[in-house]
There are 2 protein chains.
Amino acid sequence: MTGLLGSMPATIYEVAQKAGVGIGTVSRVLNNSSQISPQTRARVLQVIDKLNYQPHAMAQGLARKKSLTIAALMPFFTGHFYVELLKGIQQATARHKYDLILYSIEDLHDKDFYLKRALQQRRVDGVLLVSLPLSDAYAKEFQRRKLPLVLVDTSHADFDSFTVNNQSGAHAAVQHLIRLGHKRLAMITGHRESKPAQLRYTGFRRALAEAGIKLPEGLLISSDTLSGESITLNDGFNKETGYRAMQKLLQLNGIRPTAVFVASDIQALGAMQAMQESGLRVPEDMALVGFDDIELAEYVGLTTIKQPMFQMGQRAVERLMALINDPNSPRQHRRIETELIIRDSCGAKKEIKHKH
Amino acid sequence: MTGLLGSMPATIYEVAQKAGVGIGTVSRVLNNSSQISPQTRARVLQVIDKLNYQPHAMAQGLARKKSLTIAALMPFFTGHFYVELLKGIQQATARHKYDLILYSIEDLHDKDFYLKRALQQRRVDGVLLVSLPLSDAYAKEFQRRKLPLVLVDTSHADFDSFTVNNQSGAHAAVQHLIRLGHKRLAMITGHRESKPAQLRYTGFRRALAEAGIKLPEGLLISSDTLSGESITLNDGFNKETGYRAMQKLLQLNGIRPTAVFVASDIQALGAMQAMQESGLRVPEDMALVGFDDIELAEYVGLTTIKQPMFQMGQRAVERLMALINDPNSPRQHRRIETELIIRDSCGAKKEIKHKH
DNA sequence: AGCCGCTTTGGAAGCCCTTCCATTTAGGAA
DNA sequence: TTCCTAAATGGAAGGGCTTCCAAAGCGGCT
C-alpha cells in the first residue's frame with residue numbers, strides 16, 4: 001500500500017517511468033500544455049493519480065521563477081478591521097490557487113526587513129502592504145523591478161491602492177445628523193496628524209458647509225489637544241480621548257451641541273460613558289454617530305459608518321493578481337465606499353416611531 | 001547604483017566571483033559553517049553586504065529538503081479567540097526565523113486538500129492544526145513520515161496538542177460562585193455533543209460535588225434541548241440559545257437559581273437580555289459567570305473565564321519547532337490553564353463594597 | 001628538503017522541476 | 001512509394017542552493 005502521500009513523495013521521474021514517457025511529457029500534462037495526445041495525457045494522469053503525485057512547489061518555483069505565493073504585511077493590532085480584511089485576502093488568494101505568507105509588522109523598523117525577505121528570499125509574486133507607509137527607497141525598487149504591489153488602507157501616488165473613503169463616510173454620517181434636524185453639531189476626533197482623522201474632518205466640514213451650518217469655536221476636539229495618559233498613543237483613537245473630549249464638550253454649558261460626530265467608535269464609547277456619568281442620555285440629550293462599526297457598536301446601539309473590509313481584502317487580491325499577470329497594467333486608486341449603519345444613538349429610530 | 005535589492009537579485013555565483021572564492025565557501029559563510037578562516041569569512045561577508053545578497057529560499061529549500069516554513073490550518077470564524085491565537089503563532093514563528101503560510105479552512109472537506117498541499121507541494125517543515133479534527137488517514141501519514149504536527153484547541157492521542165483546560169476553567173467559575181455563597185446554581189450550555197461543552201459541564205459538576213451541592217432537575221439547559229432558528233448551529237454557543245435558555249430558567253418560578261454558570265459569553269449576553277426583559281437585574285436577582293472573555297464581556301461587566309490564546313499560539317509554535325528539530329521527541333499533551341476574570345456580573349465586587 | 005596531518009577551499013553532483021531544441025512519428029500529397 | 005509538414009515526444013540544460021569529496025595550503029617535524 002502506497003499511502004496517501006507516498007512514503008517519500010514521488011517525483012516527476014517516477015511518474016515518467018511508470019507511464020513509459022519522458023519527463024517533458026509529464027510536465028506538459030501537468031501544465032495543460034496543448035501539444036499532447038489525448039491517450040498519452042490519460043495514461044500519465046492515471047499514473048499521477050495512482051502515485052498520488054504532486055509537483056514540488058520549490059522545484060517548480062526555481063524553474064519557473066514564480067512562487068505562486070503572495071505576501072501580506074500588516075500590523076496586527078485591533079480586532080474586527082484586520083480580521084475581516086485578512087479573511088477577504090485569504091479567501092481571494094486561495095481562490096486563485098495562490099498561497100499566502102503572512103508577516104505581522106509590530107515595529108515599523110521591521111517593515112523593510114520583511115519586505116526584503118518576502119521579495120528576495122521567498123520570491124513572492126506580489127505583495128500586499130496593509131496600513132503601512134511605503135518608504136521611498138522601496139517604492140523605487142518596486143517600480144524598477146516592476147514588482148506587483150498593492151497598498152491597502154494606505155496609499156502612494158505610484159502604486160495601486162485601496163482605501164476607505166473616509167471623507168464621504170464622514171460626510172454621510174454628518175449629513176444624516178443634519179437631516180434629523182440637528183443644527184448645532186460638534187466633532188470629536190483623533191490626532192490632527194492622522195490621515196484618516198483629517199479626511200473625516202474634511203467630510204464633516206463639507207457636510208456642514210453644504211447645509212450652511214457654521215462650526216462655532218470649541219466644538220471641534222482633537223485628541224492631541226487633550227491631556228491624559230493614553231492620549232499620545234497612535235492616532236489618538238481610543239476610549240480615553242473620547243471620554244475626555246466629551247467631558248470638555250459638556251463643560252461648554254451655554255452652547256452645548258445637540259449632536260456629535262465622533263471619528264471613531266472606540267472614542268464614541270468613551271464619550272457615551274462620560275455622558276452617562278453626567279446623567280445624560282443618548283440620543284435624547286445628545287445624538288451620536290461613530291465611525292468604524294466595531295463589534296461593540298452593535299451591542300450599544302451606536303449608529304456608525306461601516307468599512308467593508310472583507311470586500312476590500314478580496315478586491316485588493318484580485319487587483320494584485322491582475323498586476324501579476326500584467327505588470328504594466330495602469331495604476332488604479334480605488335476608494336471603497338462606506339455604509340451608514342443606523343442604530344439608536346442618532347435618534348433616527350425614535351423619530352420614525354414618533355411619526356407613526 | 002545597485003539599488004536596494006539589486007536590479008536582478010545576485011546569486012551565490014556572483015558573490016563567489018567578486019570575493020574571489022568558490023561557491024562552496026560562500027555557502028559555508030552563509031550557514032555559519034565552522035571551517036572557515038576569519039579573513040575569508042570577513043571578505044565574503046563584505047561582498048554579500050555590498051551586493052545586498054540574500055539566498056534564494058526555493059533553491060535552498062530544494063537543496064536542503066527543508067522549507068523554513070510552517071503552515072497553520074484554521075477555521076477563520078470568530079474574533080478574539082483566533083486573532084489572539086494567530087498573533088501568538090505569528091510572533092513565535094517569526095522569532096524562529098520561519099515563515100508562516102496561512103490556510104483558512106471554511107469547509108471541512110477542504111482540510112485534507114490543504115493538508116496535502118502544505119505537505120506535498122509546499123513541503124512545509126511542520127503543521128499547526130487549529131480547532132480541526134485530524135482524520136485517521138492523515139494521522140497515519142503524519143506518523144509514518146514523522147512529520148511534525150501540533151494540534152491546537154483539538155486533540156488526538158498520537159500527536160502533540162495544546163488545549164484549554166475547559167474543565168478546570170469551569171470548575172473555577174463555579175467554585176467562585178459557591179464561595180460567594182450561592183447554593184442554588186444552574187448551568188446554561190451548548191450542544192451536548194460539543195466537546196468543550198461536555199468538559200465545562202464536568203467542571204461544573206465537580207465543583208458542585210465538592211461543595212456537597214445537588215443539581216435539581218431542570219437547572220441544566222443544553223442548547224439542543226431548545227427550539228429556535230439558530231439553535232442547531234455549530235456547537236450551540238450563540239446568543240439565541242442563551243436567551244431561550246434563560247427564558248426557560250425564569251419560568252421555573254418556585255425554584256429559580258440564584259446564580260448561573262453560562263458555558264459561553266455569547267450565551268451569557270443572550271441570557272442577560274432575557275433577564276433584562278423580565279425586569280431582573282444582574283447580579284442582584286441572579287449572578288452570572290460566563291466563559292471565553294470575548295470583547296463584549298468587559299464592556300458589559302461579565303465575570304468570565306479567559307483563555308490565554310496568545311500564549312497558547314506561542315507555545316504551540318515552540319513545541320512545533322522542537323519537533324522539527326527532533327521528530328522523535330515524545331508526545332506532549334498540554335492543557336493551558338484559564339484565568340478567572342472577576343467583573344460585575346457575579347456580584348463579588350458589590351460584596352466587597354458591603355464589607356467595608 | 002621531505003613528510004605528515006590539519007585546516008581550508010574549490011567545485012561536481014544532486015535536489016525537482018520547466019523549457020527549448022532535436023528527433024521521431026503520423027498523415028497527406030504527389 | 002516517397003517526400004514534406006505538423007504534431008507529439010524525449011531529454012539536456014538550467015534555475016540557485018547544499019554537501020561531499022578531493023585537493024591545496026600550511027606549520028612543524030624529522
Side-chain angles (χ1 to χ4, degrees), chain A residues 5-6 8-45 47-48 51-69 117 119-125, chain B residues 5-45 47-48 51-69 97 117 119-125:
Chain A
L5 305 173
M8 200 71 227
T11 69
I12 200 172
Y13 287 93
E14 303 173 43
V15 174
Q17 195 194 340
K18 292 234 182 203
V21 300
I23 55 165
T25 303
V26 177
S27 179
R28 258 160 257 147
V29 171
L30 246 42
N31 298 293
N32 291 309
S33 163
S34 45
Q35 309 301 59
I36 284 274
S37 76
Q39 306 92 299
T40 310
R41 150 168 283 123
R43 190 147 39 92
V44 172
L45 283 178
V47 176
I48 285 179
L51 292 186
N52 209 308
Y53 169 77
Q54 293 215 276
H56 189 306
M58 300 191 140
Q60 273 187 316
L62 191 58
R64 281 194 205 158
K65 294 164 179 289
K66 274 220 165 206
S67 61
L68 291 189
T69 292
R117 172 146 163 182
L119 258 28
Q120 226 173 319
Q121 304 206 160
R122 292 290 171 188
R123 305 291 168 104
V124 298
D125 297 339
Chain B
L5 306 173
S7 130
M8 200 70 225
T11 70
I12 200 171
Y13 288 94
E14 303 174 42
V15 174
Q17 194 194 339
K18 293 234 182 204
V21 299
I23 54 164
T25 302
V26 177
S27 178
R28 258 161 257 147
V29 170
L30 246 44
N31 298 294
N32 291 309
S33 163
S34 46
Q35 308 303 58
I36 284 273
S37 77
Q39 305 92 300
T40 310
R41 150 169 283 124
R43 191 148 38 92
V44 172
L45 283 177
V47 175
I48 285 180
L51 292 187
N52 210 308
Y53 169 76
Q54 292 215 278
H56 189 306
M58 301 192 137
Q60 274 187 316
L62 191 57
R64 280 200 251 214
K65 293 164 179 286
K66 273 219 164 208
S67 61
L68 291 190
T69 293
K97 305 202 184 305
R117 172 147 164 182
L119 259 27
Q120 223 173 323
Q121 304 208 156
R122 292 289 170 187
R123 306 291 168 104
V124 298
D125 297 338

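Reminder, nothing fancy here: chain letters follow the sequence lines and each chain counts from 1.
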Between the side-chain atoms of A:Tyr13 and the base atoms of C:dC15, is any donor-acceptor pair under 3.5 Å? no
Could you tell me if the side chain of A:Ile23 sits less than 4.5 Å from the side chain of A:Glu14, heavy atoms only? no
Measure from CZ on B:Arg41 to P on C:dT8 and round the result to the nearest Å. 10 Å
For a 4.0 angstrom threshold against heavy atoms of chain B, report the outermost contacting nucleotides of DNA chain D in 5' to 3' order. D:dG16 to D:dC20
All side chain to side chain donor-acceptor pair (under 3.5 Å) counterparts of B:Arg43, not counting sequence neighbours: none
Interface residues of residues 55-62 of chain A with DNA chain C (non-hydrogen, below 4.0 angstrom): A:Pro55, A:His56, A:Ala59, A:Gln60
Between B:Asn52 and A:Gln120, which heavy-atom pair has the shortest distance, and what is it? O-NE2, 2.8 Å
N/O (side chain, B:Thr40) to phosphate O (OP1/OP2, C:dT8) under 4.0 Å: no
Quick check for you: to the nearest 0.5 Å, what is the distance between B:Arg123 atom CZ and A:Met58 atom CE? 9.5 Å
Among A:Thr11, A:Val21, A:Asn31, which residue satisfies the side chain to side chain contact (heavy atoms under 4.5 Å, CB included) criterion with A:Val26? A:Val21
For C:dT8 and B:Thr25 - does any side-chain N or O of the residue sit under 4.0 Å from the phosphate oxygens OP1/OP2? no
Rounded to the nearest 0.5 Å, what separates atom CD1 in A:Ile12 from atom CG in A:Leu30? 6.0 Å
Scan nucleotides 4-7 of chain C against the protein and return all N/O pairs shorter than 3.5 Å with their distances rounded to 0.1 Å.
none

With distance as the sole test, does B:Gln60 use its side chain to make a donor-acceptor pair with the main-chain N or O of B:Leu68 at under 3.5 Å? no
Quick one, B:Thr69 and B:Asp125 - any side-chain contact, counting heavy atoms below 4.5 Å? no
Between A:Ser27 and C:dT18, is there a contact of a side-chain N or O with OP1 or OP2 at under 4.0 Å? yes
What's the closest nucleotide to the side chain of B:Ala63 if the choices are C:dT18, C:dG14, C:dG11? C:dG14
Could you go over nucleotides 20-25 of chain C and give all protein N or O partners under 3.5 Å, atom names and distances?
from	atom 1	to	atom 2	distance (Å)
C:dC20	N4	A:Arg28	NH2	3.3

The reported gap from OG in B:Ser67 to NE2 in A:His56 (rounded to nearest 0.5 angstrom) is 8.5 Å
Any side-chain heavy atom of B:Val44 within less than 4.5 Å of one from B:Ile48? yes
Not counting sequence neighbours, which residues clear side chain to side chain donor-acceptor pair (under 3.5 Å) with A:Thr25? List them please. none
Between C:dA13 atom C1' and B:Lys65 atom NZ, what is the distance in whole Å? 13 Å
Measure CD1/A:Ile12 against C1'/C:dC16 and give the value in whole Å, please. 8 Å
Contacts of A:Arg41 meeting side chain to side chain donor-acceptor pair (under 3.5 Å) (sequence neighbours excluded), chain-then-number -> none
Quantify the bending of the helix from C:dA1-D:dT30 to C:dA30-D:dT1 as the angle between its end axes, each fitted on five pairs, to 10°. 70°
Does B:Ser37 have any side-chain contact (heavy atoms from CB on, under 4.5 Å) partners at least two apart in sequence or in another chain, and if so, which? B:Gln39, B:Thr40
Nearest heavy atom decides the nucleotide; on that basis, is B:Arg123 or B:Ser37 closer to the 5' end of DNA chain C? B:Ser37
Specify the separation, in whole Å, of atom CD1 of B:Ile36 and atom C1' of C:dG10. 11 Å
Suppose we screen for side-chain contact (heavy atoms from CB on, under 4.5 Å). Which residues come up paired with B:Ala63, at least two apart in sequence or across chains? none
Please list, chain by chain and in numerical order, all residues satisfying side-chain contact (heavy atoms from CB on, under 4.5 Å) with B:Lys65, sequence neighbours excluded. none
Side chain to side chain donor-acceptor pair (under 3.5 Å) against A:Gln121, all qualifying residues, sequence neighbours excluded: B:Gln54
